[in-house]
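These notes concern the structure reproduced below.
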Amino acid sequence: MFADETRALVELLTGAPGTVTPVALGSGPEAIVAAFPEGDGRTYVADLVADAAVDERQPSEVAERAPTVNAIPLSVAAGLRAEFGEVLGSDLLAMICHPRGHAVQLHGPDVPDEALMARVSWKKDPMGRTDAKNSWRRDADGVVHTKHGIGHVAGKFTTVEALIKPLKALLAHTGGTLEGLHAYLNRHGTIAGARIFVAAEDAGLAPGDTAGFRGAGTSNPEMTDHWFRARRDAMASGGGPMPIVRTDQVADNDSPGAAMIFRKIDGQWMLVTCFPDGAKKDDFIGMGDAP
């Protein structure tokens, strides 16, 4: 019966029939994958099987106890001043650490694994904010309530040096001065802000500079959508934890980099967030494409 259910489920999700049999299920992961013809069905199953071997799961009651980080560590200020000097480093610190920003608190090296797991699994804000957009509550029956926004990956930079690398590259690209950076953002930003993607090779980001967790079995948009739906249902019904796997966005993707979002606040550009990403999204400008 389990073989029949497995075959029916994958056919429902992918439209690709398979020939899963009890013998195949008892012959190991490779036999399960081989039971599906080449194409979407086999790709889907191969991805699920590969991630199932290394997935982790965080129950919602554990997520509820995950620590929150809502402070800027002194190491960030020290790192900026060491890299850029006292004056420019202090100016950049003000740009990064504005109260409406969250680059360090959500994506800095001090964010613990438990908080990243809770974010991607249960959409719990690692900063512990209590406003209407980010507040988080778990009922006694396991139902989770929040409007916090997060996709299928929760990532961070592993060191202060790695966190600074994209900003260093963008500053060099714009002439090495804060005035040059502001002029660049004025040229390429809109009233909504400026979204800049700095490729890993331009930023000097290397494997090990980033870390995090992603949804298991999410190698293409369709599979990612299935994972999103399953997470939504788990949160709404008090269900079990979603499978997630560890990821290094730089090491695990072909065109990775850092996504930076700036906004003008009181007439000055501020860095709202900066996070590692597997590829440039359509609503971002590539640093190298924008003089």
Side-chain angles (χ1 to χ4, degrees), residues 68-111 125-134 148-150 155-157 159-200 202-205 210 257-277 280-291:
T68 57
V69 177
N70 198 3
I72 306 295
L74 295 176
S75 58
V76 174
L80 285 166
R81 290 176 177 134
E83 182 65 50
F84 301 105
E86 184 68 27
V87 176
L88 180 56
S90 296
D91 289 340
L92 293 174
L93 181 65
M95 173 182 272
I96 292 174
C97 298
H98 190 277
R100 288 174 61 181
H102 52 255
V104 178
Q105 300 96 317
L106 290 188
H107 307 291
D110 286 359
V111 182
D125 176 26
M127 293 174 64
R129 290 170 290 186
T130 57
D131 58 284
K133 181 180 178 181
N134 295 293
H148 180 69
I150 177 66
K156 70 174 186 178
F157 298 96
T159 64
V160 171
E161 291 76 17
L163 175 68
I164 291 172
K165 284 180 179 181
L167 182 61
K168 179 181 178 181
L170 183 59
L171 194 70
H173 181 72
T174 58
T177 67
L178 195 62
E179 292 76 16
L181 175 58
H182 282 202
Y184 174 89
L185 295 173
N186 283 331
R187 288 196 302 273
H188 300 292
T190 67
I191 193 170
R195 293 171 173 254
I196 311 298
F197 183 83
V198 182
D202 293 331
L205 289 168
T210 65
M260 309 178 76
I261 300 178
F262 296 85
R263 290 205 179 98
K264 245 183 183 178
I265 300 173
D266 297 328
Q268 295 294 317
W269 285 104
M270 299 294 168
L271 179 64
V272 175
T273 192
C274 176
F275 55 91
D277 207 349
K280 184 181 80 67
K281 302 297 189 291
D282 291 341
D283 55 347
F284 279 77
I285 297 170
M287 182 186 75
D289 300 329

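We number each residue from 1, following the sequence as shown. Values below: all heavy atoms of this structure, side chains included; hydrogens, waters and symmetry mates excluded.
Shown here for Ala203 and Lys165, the closest heavy-atom pair between the two residues is O-CB, 3.4 Å. Across all non-hydrogen atoms, the minimal contact from Trp269 to Ala194 is CZ3-N, 3.9 Å. A pairwise comparison of heavy atoms in Gly79 and Val160 identifies CA-CG1, 4.1 Å as the closest pair. The two residues Met287 and Leu170 come nearest to each other via the heavy atoms SD-CA, 3.6 Å. Scanning both residues, Phe84 and Ile164, for their nearest heavy atoms gives CE1-CG2, 3.7 Å. The two residues Pro126 and Val111 have their closest heavy-atom pair at CB-CG1, 4.4 Å.
To the nearest 0.5 Å, atoms CZ (Phe262) and NE2 (His188) are separated by 12.0 Å. Atom CD of residue Glu179 and atom OG1 of residue Thr174 lie 10.0 Å apart, to the nearest 0.5 angstrom. For the atom pair Leu185 CG and Gln268 CD, the distance stands at 11.0 Å (nearest 0.5 Å).
Residues Met260 and Leu271 have side chains in contact (heavy-atom distance under 4.5 Å, counting atoms from C-beta outward).
Counting non-hydrogen atoms of neighbouring residues, nucleotides and ligands closer than 6.0 angstrom, the NZ atom of Lys133 reaches no more than 12 such neighbours.
The aromatic rings of His107 and His102 lie tilted to each other, with the angle between the two planes from 30° to 60°.
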